[in-house]
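Down below is the structure, laid out as structure tokens.
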Amino acid sequence: MPPAEPANLAAVLEAAAARSSAKGRPAFLVGDRVFTHAEVHEGAARTATVLAEHGVRRGDRVLLVLPDGIEFVWTFLGAVRVGAVAVPANPRLTADDHREMLEGTGARVVVAETAAAEPFAGRAAVIDAETLETTLARRPLHPVADVGPGDPAYAQFTSGTTGRPKAAVHRHGDPLVYFAAFARPALDIGPADVSFSVSKMFFAYGLGNSLFFTLLAGCRAVLHPGPPRPEDLAALVRRHRATLLFGVPTLYARLIGCADRGSWASVRAAVSAGETLTPALAQRAREAFGCPILDGLGSTEVGQTFVSNTLAEQRDGTIGRVLPPYELAVRGPAGEDLGPGEPGTLWVRGPTVLLEYLGRPEATAAVKVGGWLCTGDRAVIEPDGFVRHQGRVDDMEIVGG
């Protein structure tokens, strides 16, 4: 009998690189440095040893307070490899926010750059990300923890637009569903692609775009740790000949006109999420970039995009159709199902709906009912299945956020 396929996400991603003969190809482009798929997985295995030396064991939480870069990739995969739960956090939040995240997750170890490490002193073991790479050469490869596809692998904080951020827990098997549901059918992503996600990896959108899709497709991604200045982004797209661009409508509005058409010549598709993409902006973006712009909807609780326009089928003013294996329903105030064309609250069901909000059972029970997740979005499903987004049910306004 052949050996069972690995279920540990770190091993699954490494096996995908071997199957696609990607190990010698570039995986991440960070500034002037290039890291191959082999270097990614080897570095992750050695980082797992560093984490284990700091006491990390299966089921523990590791808080990542890191910008986009190879240290984020190595630490995320290293934590998953030992069977711990990787918890990315926005490094630009306040010290009080970081202390609250540490307390809420109960993380045993924090990996952070020196400037962000102070809030954790005396509260958890801290690994300095800026010296991580220099220590790896002396560390052995850590074995892969034996876990199941339904075991927790990582947790990501919600954006906080509806109140205090909560950490949504996802499984080792979830990223394979994101890839099969969205990356392949909607984008036709493959080994020749160069992706550039302006959304950072501490967001669910960015984590899928930059990390999971890159490693599963055997392609490469541009990682940019700095702020999203339009001129810098345009220069990176031109320099690396990015083929897939992931952003939000506000960003696309700023990118239009910041560079000549030649800067976008390599881009074959632009993906939009996070805000309403108006038909007028979609048309302007198509003309500026010379490629389709695909609007969709995902959430931290689902892990990635579950309804989207695709390269094969697009309609302005909509977020596309539901992506199998997900299911959608629009419901009224009493929880009743509404028919096509009737506006209501959007619910989604599928295999990647969060296991729980970490340490928040009441919050979990409020949004997860009978396998369905209440997204908090208002929507209309048209008779032919296209979905029109009509804003949030529970928006809070974040001033200066």
Side-chain angles (χ1 to χ4, degrees), residues 4-15 41 43-66 71-89 98-112 120 122-127 129 132 139-158 165-178 201-202 204 207 211-212 300-303 351-365 368:
E5 287 291 317
N8 187 300
L9 176 59
V12 169
L13 297 174
E14 188 170 10
H41 296 296
R46 297 187 192 280
T47 301
T49 298
V50 174
L51 294 172
E53 290 172 351
H54 282 76
V56 175
R57 301 291 182 265
R58 179 173 174 172
D60 289 339
R61 290 92 187 231
V62 178
L63 190 66
L64 286 65
V65 187
L66 296 169
E71 294 82 7
F72 183 108
V73 174
W74 282 338
T75 304
F76 184 97
L77 296 178
V80 170
R81 188 179 182 94
V82 300
V85 178
V87 189
H98 286 153
R99 278 190 284 266
E100 183 177 344
M101 288 174 165
L102 177 65
E103 182 180 349
T105 60
R108 176 180 291 271
V109 170
V110 177
V111 184
F120 311 110
R123 293 176 168 86
V126 179
I127 297 174
L132 178 63
R139 298 298 190 276
L141 307 181
H142 196 282
V144 177
D146 183 15
V147 299
D151 289 338
Y154 71 98
Q156 281 197 293
F157 287 102
T158 57
K166 303 175 287 289
V169 180
H170 286 282
R171 311 157 189 82
H172 282 262
D174 287 2
L176 280 74
V177 180
Y178 312 151
M201 288 189 288
F202 51 78
L207 186 67
L211 184 61
F212 299 144
T300 308
E301 289 83 356
V302 177
T352 69
V353 167
L354 80 164
L355 282 167
E356 62 172 339
Y357 289 125
L358 196 58
R360 304 281 296 277
E362 300 86 358
T364 306
K368 190 176 175 183

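What you are looking at is a predicted structure, and each value in this text was computed from that prediction instead of being measured.
Residues satisfying the side-chain hydrogen bond (donor to acceptor under 3.5 Å, both in side chains) test with T47, not counting sequence neighbours, are none. Every residue meeting the side chain to side chain contact (heavy atoms under 4.5 Å, CB included) condition with A107, not counting sequence neighbours, appears here in chain and number order: R61, L63, L102, T105. With sequence neighbours excluded, no residue satisfies ring-ring contact (aromatic ring centres under 6.0 Å, His included) with F157. Taking the side chain to side chain contact (heavy atoms under 4.5 Å, CB included) definition, one finds that A125 meets it with H54, V109, sequence neighbours left out. Judged as a ring-ring contact (aromatic ring centres under 6.0 Å, His included), and not counting sequence neighbours, the contacts of H98 are F120. Taking E100 as the reference, R164 meet the side chain to side chain contact (heavy atoms under 4.5 Å, CB included) condition, with sequence neighbours excluded. Remark: E14 engages K23, H41, R81 in a side chain to side chain contact (heavy atoms under 4.5 Å, CB included) (not counting sequence neighbours). Partners of D174 according to the side-chain hydrogen bond (donor to acceptor under 3.5 Å, both in side chains) rule, which considers only residues two or more places apart in sequence or in another chain, are H170, R171. Remark: E103 engages no residue in a salt bridge (Lys or Arg N to Asp or Glu O under 4.0 Å) (not counting sequence neighbours). Considering only residues two or more places apart in sequence or on other chains, R139 meets the side-chain hydrogen bond (donor to acceptor under 3.5 Å, both in side chains) condition with E53.
One distance of note links CG of L64 with OH of Y154; it measures 13.0 Å at 0.5 Å rounding. With rounding to the nearest 0.5 Å, the separation of CD1 in I127 from CG in L51 is 4.5 Å.
The two atoms that bring G303 and Y178 nearest to each other are CA-OH, 3.4 Å, heavy atoms only. In terms of heavy-atom proximity, T352 sits nearest to V177 at CG2-CB, 3.5 Å. Of all non-hydrogen atoms in A129 and V111, the two that sit nearest each other are CB-CG1, 4.2 Å. Nearest heavy-atom pair across A10 and V80 is N-CG1, 3.7 Å. The two atoms that bring N8 and G83 nearest to each other are ND2-N, 4.5 Å, heavy atoms only. The minimum heavy-atom distance linking V110 with A124 is given by the pair CG2-CB, 4.1 Å.
Sorted by first and then second residue, the side chain to side chain donor-acceptor pair (under 3.5 Å) pairs involving residues 353-363 (not counting sequence neighbours) are E301-Y357.
Residues V73 and M201 have side chains in contact (heavy-atom distance under 4.5 Å, counting atoms from C-beta outward). A heavy-atom distance below 4.5 Å is not found between the side chains of V169 and L354. The side-chain heavy atoms of L207 and F212, taken from C-beta on, include a pair separated by under 4.5 Å.
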Contacts under 3.5 angstrom, residues 142-153 side chains, donor-acceptor by atom type, not counting sequence neighbours:
unit_1 : atom_1 : unit_2 : atom_2 : d
D151   : OD2    : R58    : NH2    : 3.2
D151   : OD2    : G148   : N      : 2.8

